[in-house]
Amino acid sequence: ATPTALMVGTGLSAKMGILIKNGEVLEAANDLQTVVFDKTGTITVGKPVVTDIIGDPQDVLSMAASLEESSEHPLASAIMVRASENKIIPPKITEFRAIEGKGVEAMFDGKRVFVGNDKLLGDYQIGAEMAVKVQQLQDEAKTVVFVGRGDEVVGLMAIQDEPKATSKAAISALKARGLKTIMLTGDNERVAQSIANQVGIDEVVADVLPGDKAAHIRELQKTSKVAFVGDGINDAPALTTADVGISMGSGTDIAIESGGIILVKNDLRDVNRALILSHKIVNRIK
Ligand code: ADP
Ligand code: MG
């Protein structure tokens, strides 16, 4: 029979907006050394905004919007919002395709066009001056995406997504319990490090392709018990691989299904609250 403590405990947790799927999750949550976080939508608000445009803004935006129209990436919606503010009517492109962890590309006017990170730049040359500017923007925690057409770089956009107001407190509470905190993200190293510094995360693993997140969790599991906190479609495999998968209630359906603990209020401080609760409940069951 299910111990009363388990029923009462998980019931109380649920009232606080912390859904614990079963007793196994509780046991695992009580025995962790490492907590790994996704960045976008987990540590950050997940509502990116275009803050800077380098190049002719109308040209950069109309080329970018023609591609991002067809993309579901959070960065795409930031670009579409800015394009509509600038009254852009995006030209039609063909052969659209998304390139995982890099960006989007298509054909326009007989030329290849793309929006994405430096991995998509390939043989394109950006001048030394622009390279310095890019690093400055990234150090301000802004994600830089380049817009290319044929053999020219039309320009670039910097896109900012701020940490949630509670992220810093959430991380420091976990560190105070002796847990190691790690950020696992597909974004650029500088951007990731800058966000990590703002919220006090111990370690950063950046430039991770969506398909590789789970493998990183398995690597960490060789030396410790690991929780993974995430919200996106690409977080689902890491959520199921981790000893404890913790999903944001605001996350995609697949992320919510994959988590053993669901934080209904999307408050990152609830990670620590969930651990405190599991400790209490497990000690009563025993
Ligand atoms: P994350 O969700 O952790 O940022 P992704 O793998 O989704 O990781 O994306 C990694 C990087 O690829 C982004 O930071 C961005 O530079 C680039 N990228 C992906 N999709 C797009 C897109 N639709 N438009 C522009 N850049 C993109
Ligand atoms: Mg995310």
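In this chain, numbering begins with 1 at the start of the sequence shown.
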Using modelled atom types only, decide if a donor and an acceptor are shared between the side chain of [X] and the backbone of [Y] within a distance under 3.5 Å.
X	Y	value
Thr252	Asp231	yes
Ser278	Ala29	no
Lys265	Met16	yes
Lys133	Ile54	no
Asn283	His279	yes
Thr51	Ala158	yes

Are any of the side-chain heavy atoms of [X] and [Y] separated by less than 4.5 Å?
X	Y	answer
Asp270	Asn272	no
Pro91	Ser62	yes
Glu162	Val49	no
Gln138	Val134	yes
Ile18	Val264	no
Leu263	Ile246	yes
Asn86	Gln58	yes

message: Tell me if the CD atom of Glu129 is crowded by more than 12 foreign heavy atoms within 6.0 Å.
response: no

Lys119 NZ: over 12 foreign heavy atoms closer than 6.0 Å: yes

If you compare all heavy atoms of [X] against all heavy atoms of [Y], which two are closest, and at what distance to 0.1 Å?
X	Y	result
Pro210	Glu100	CG-CG, 3.4 Å
Thr40	Gly46	CG2-CA, 4.3 Å
Gln198	Pro163	OE1-CG, 3.3 Å

May I ask you to list the residues sharing a hydrophobic cluster with [X], side-chain cutoff 4.5 Å, ordered by chain and number?
X	result
Val208	Val36, Ile182, Leu184, Val205, Ile217, Leu220, Val226, Phe228, Leu239
Val154	Val50, Ile53, Val60, Leu61, Met63, Leu67, Leu75, Ile79, Ile88, Ile93, Phe96, Val104, Phe108, Val113, Val115, Val145, Val147, Met157, Ile159
Met107	none
Val45	none

statement: Residue set satisfying ring pair (Phe, Tyr, Trp, His ring centres under 6.0 Å) with Phe114, at least two apart, ordered chain then number -> Tyr124

Could you list the residues that satisfy side-chain hydrogen bond (donor to acceptor under 3.5 Å, both in side chains) with [X], not counting sequence neighbours?
X	value
Asn266	Ser250
Lys39	Asp187
Thr166	Asp267
Asp38	Thr42, Lys213

task: May I have all residue pairs that pass side-chain hydrogen bond (donor to acceptor under 3.5 Å, both in side chains) and include part of residues 214-229, sequence neighbours excluded?
output: Thr34-Ser224, Glu219-Lys222, Gln221-Asp243

field: Val144/Asn117 under side chain to side chain contact (heavy atoms under 4.5 Å, CB included): CA gap, chis, key distance, verdict
entry: CA-CA 7 Å; Val144 171; Asn117 58 24; over 6 Å; no

message: Testing the 3.5 Å rule here: is there a donor-acceptor pair between the side chains of Gln193 and Asn197?
response: yes

message: Salt bridge check, Lys180 against Asp202: does any charged N sit closer than 4.0 Å to a carboxylate O?
response: no

Lys/Arg N to Asp/Glu carboxylate O, Asp52 vs Lys142, below 4.0 Å: yes

statement: CG (Leu156) and CG (Leu137) are apart, to the nearest 0.5 Å, by 7.0 Å

Verdict with supporting geometry, Leu120 and Ile99, side chain to side chain contact (heavy atoms under 4.5 Å, CB included): CA-CA 9 Å; Leu120 265 190; Ile99 307 157; 3.5 Å; yes

Donor-acceptor pairs under 3.5 Å, side chain of residues 167-176 to any protein atom, not counting sequence neighbours: which ones?
from	atom 1	to	atom 2	distance (Å)
Ser167	OG	Ile43	O	2.7
Ser172	OG	Ala169	O	3.4
Lys175	NZ	Gly200	O	2.5

- line: The side chain to side chain contact (heavy atoms under 4.5 Å, CB included) partners of Glu24 (sequence neighbours excluded) come to Asn22

